[in-house]
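Accompanying notes for the structure given below.
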Amino acid sequence: MPSKERDIPLRDHPAPTGPYCSFGGSLGDDDLLKTIHHHLLSFLGRDPMRAGNREIYKALAYTVRDFLIERWVKTQKDFYAHNRKRVYYLSLEFLIGRSLGNSLINLGLYDKVAGVLEQMGYDLDEVREEEEDAALGNGGLGRLAACFMDSMATLGIPAYGYGIRYEYGLFYQRLLDGFQVEHPDNWLRYGTPWEYDRPWNLYPVKFHGRVHRYHDAEGKLRHEWVDTSEVMAMANDILVPGFRNDSVINMRLWSAKASRELDLISFNRGDYVAAVQSVVESETISKVLYPSDDIREGQELRFKQQYFFVAATFQDILRRYKKQHGTDFGRFTAEIAVQLNDTHPAIAIPELMRLLLDEEGMTWEDAWGICVQTFGYTNHTLMPEALETWAVDLFHRVLPRHLEIVYEINRRFLEEVAALYPGDEERLRRMSMIDEGPVKKVRMAHLAIVGSHSTNGVAKLHTHLQKTRIFNEFYEIYPQRFNNKTNGVTQRRWLLKSNPGLAALITESIGGDWVTKLEFLRNLESLAGNRSFQRRWLAVKRQNKQRLAALIKSDCGVAVDPDSLFDVQVKRMHEYKRQLLNILHIIIHYQRLVRGERQEAPARTVVFAGKAAPSYAQAKLIIKLINSVGETINRDPRVADRLKVIFIPNYGVSLAEKIIPAADLSEQISTAGTEASGTGNMKFALNGALTIGTMDGANVEMCDEIGRENMFIFGMDADQVEAVRRDPLRTPETVYQNNQEVRAAVDAITAGEFSRGDTALFTPIVRALLSPDDPYLFLLDLEDYLRCQEEVDREFLNRTGWARKSILNVARMGKFSTDRTIREYAEEIWGIKV
Ligand code: 26Q
């Protein structure tokens, strides 16, 4: 939340002399000072001598923006002049976080600006805190899109992100008596300096109506979508600089505006209120980000959001293409690649078909060829129930022509399948784009696989499971379409910016090449056993922990010991991510301490953070349980200096940047076969935390790189999970009966020990733990988890051994940069040489 208005002290800093000047090349301190003053005066209408941190933030942001826009114009001209193939990354989410620090670093201005601000009497770190996070995403998928933008800019790829400019980002989370309470995230309240309105880039988007069939002059059957209602899409650009390469690309985010025609019609009828209402309804489309991570949330508004941004995006793409080639579509696939971030923008497939067929008059075969060649589809989930579907009813009402096209795509596809598997009706039913259940639904993943030339998973294991489980029958037909692109993170934000202490130590030791070539971290390996290097390494971690301890004191009111083991699980709250497994370990550890056992174990501070979807009752109850357990433990004098449990509210990008560098232990403990990749796992390891985790998602590849001996791996793997789910003899009940400690922990929850005697509150959790069909296998993985946590305790006490492993972890993270990921997408999917 932004700071409140306050009295602003008079600053005594030198006023610049001479006129305000723009800058193309290098920039002196005085130019910088002048520009900041110029923006303070002209945009903010403020006496520069009386500026507070917020005004300085804004003036500085506008200064950086001047820098960005000059380079953006040049970059775009350059792409155009060299006729480069363009990539369009379509995503309903871009979880950007803050931009100021990142832009300053990438532009190479950070130190200079910090110096100038200091002269003026301001602290850049403090000033940066004034910026609101742009939380236009839920979690991993949205943050991946933001990391991709950074890497695409850094690699000089002619890329454009396309998405929605939500007026309200992901909700703000507060805790009330340990329960999550959601508040609107009004991030645009004070405006944002990072966007450029493009009121002339305005496109109409149609909804509803009906399909009019007619024969054209040549006697060809044509389709026209008529009697529609219209909403306008207005472009807003957010600029993304590459790392010190003068390349600047943009995210184009659409906001919905009422179409003028619509309100005129109503005015003519004299119905003023209806006119205003229709304006409000149109503009609702870009109002709010859907806060569900992957549980079903099939609302009409969400469907409209998807089509709205896809329709505007394709008008923009075609405008840019036609500027060069007119209506000759011969070069379309040579010059354009479109990547679909999950199925959320998959309506783009029938939309491109509609444009080529109905508007351009192309034949089905030609249009389809272009379509398949243009699109690539990235799938981010493993759970079949999380695949996106839309009721045929709704589809028909909102996009009647698109539904026709989907039916025709499906008809031709099923013909192909039937030819390959004659008589296999069941297979046709399973593979159809239409689920013919009691409520007919369109299966968007099937549409995306069939309508694109590439379907990729986001980690090796995930791709393997796509081929062998969820999309197995599609893989049989189109083996060449399936490929893997293991996720990454951008080291510019997740090490250089968020952990300046560690970044400086690394650069001092092995040079700074790692910032653009993460594999260079490998050179740290030879230092892993060096005592004095280990000491400095641990000193940086200790400083980061101290900073986090201060934040915990001020945000949660609990004092924690920076020398304790910081055990951290921060991510969206989900049953499959198993925050419950973590809390069960804490309860058992607590009960052991109270009994006088495990006195040799190091003191622990267990940190949680994460948001639950507002409609996900079980996830919200888990938040409450964590807070309740924390309350009991944190005020128990018997364990006062041994154990603390903290839930930090409102997890997001900026909090992650503060928490992750301070972690000793990273919890990546999802049930094997449920987490597609994970990217938090990578951020922690890159910052020197050791991982306790299952063989799930990208943990598997991290283990390949880092070495199993340098991680804490436990639990069943994906095959064992699959087998045990079918095994009637291995049940949670048997673990509960046979393991006294497990029983005591579960019983304590049941008995209301953490809920002031309320024995009803947590029954849904106890029921989930003991259910014979628990899909997440909490109790079946618990014993091995407990064993593994004891190993963690032992190893943490050996400070040199721990430091050595921590250094080796970082040294071996080279593979997990989005620079590598993007290079693979570019070369193997988009047909772009980097
Ligand atoms: C769908 C329909 C209606 C409303 C919302 C949604 C919706 C929104 C967001 C569905 C899914 C998401 C987000 C999914 C996500 O973040 N998946 C994560 O993607 C990461 C990047 O690939 C992986 O690392 C994670 O494993 C995966 O869970």
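Every number for a ligand or one of its atoms is a count from 1 in the order of the listing. FYI, side chains are in, hydrogens and waters are out, and symmetry mates aren't considered; it's all heavy atoms of this structure. Keep in mind the model is a prediction, meaning the values are calculated, not measured.
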| task | Nearest 0.5 Å please: distance from the CG atom of Asn472 over to the CG atom of Leu465. | result | 11.0 Å
| Does the gap between the ring centers of Phe395 and Trp390 come in under 6.0 Å? | no
| note | Between Val606 and Phe608 the two heavy atoms that sit nearest each other are CG1-CE1, 3.7 Å
| message | With a cutoff of 4.0 Å, is Arg572 in contact with ligand 1, counting heavy atoms of the residue only? | response | no
| said: Just to be sure I read this right, does ligand 1 sit under 4.0 Å from the backbone of Asn487, its side chain, both, or neither, counting only heavy atoms? | reply: side chain
| query | With atoms numbered from 1 as shown, which atoms in ligand 1 lie under 4.0 angstrom from a non-hydrogen atom of Glu93? | reply | 8 (C), 9 (C)
| said: If you measure every N or O of Glu388 against every N or O of ligand 1, does any of those distances drop under 3.5 Å? | reply: no
| field | Closest candidate by heavy atom, reference atom 27 (C) of ligand 1, pool Gln306, Arg302, His380 | value | His380
| query | Can you check whether Gly678 has an N/O within less than 3.5 Å of an N/O in ligand 1? | reply | yes
| query | Would you call Lys485-Glu828 a salt bridge at under 4.0 Å N-O? | reply | yes
| So does Lys658 have more than 12 non-hydrogen atoms from other groups sitting under 6.0 Å from NZ? | yes
| query | Mind checking whether Phe474 and Phe471 have parallel, tilted or perpendicular rings, split at 30° and 60°? | reply | perpendicular
| query | Do any heavy atoms of Gly697 fall under 4.0 Å from ligand 1? | reply | no
| Any idea which atoms of ligand 1 are less than 4.0 Å away from a heavy-atom of Ala676? | 26 (O)
| query | Can a non-hydrogen atom of Tyr576 be found less than 4.0 Å from any atom of ligand 1? | reply | yes
| task | Look at atom 16 (O) of ligand 1 and find which of Leu95, Leu141, Leu289 reaches it with the closest heavy atom. | result | Leu141
| Flag for Tyr290-Gln305: side-chain donor and acceptor within less than 3.5 Å | no
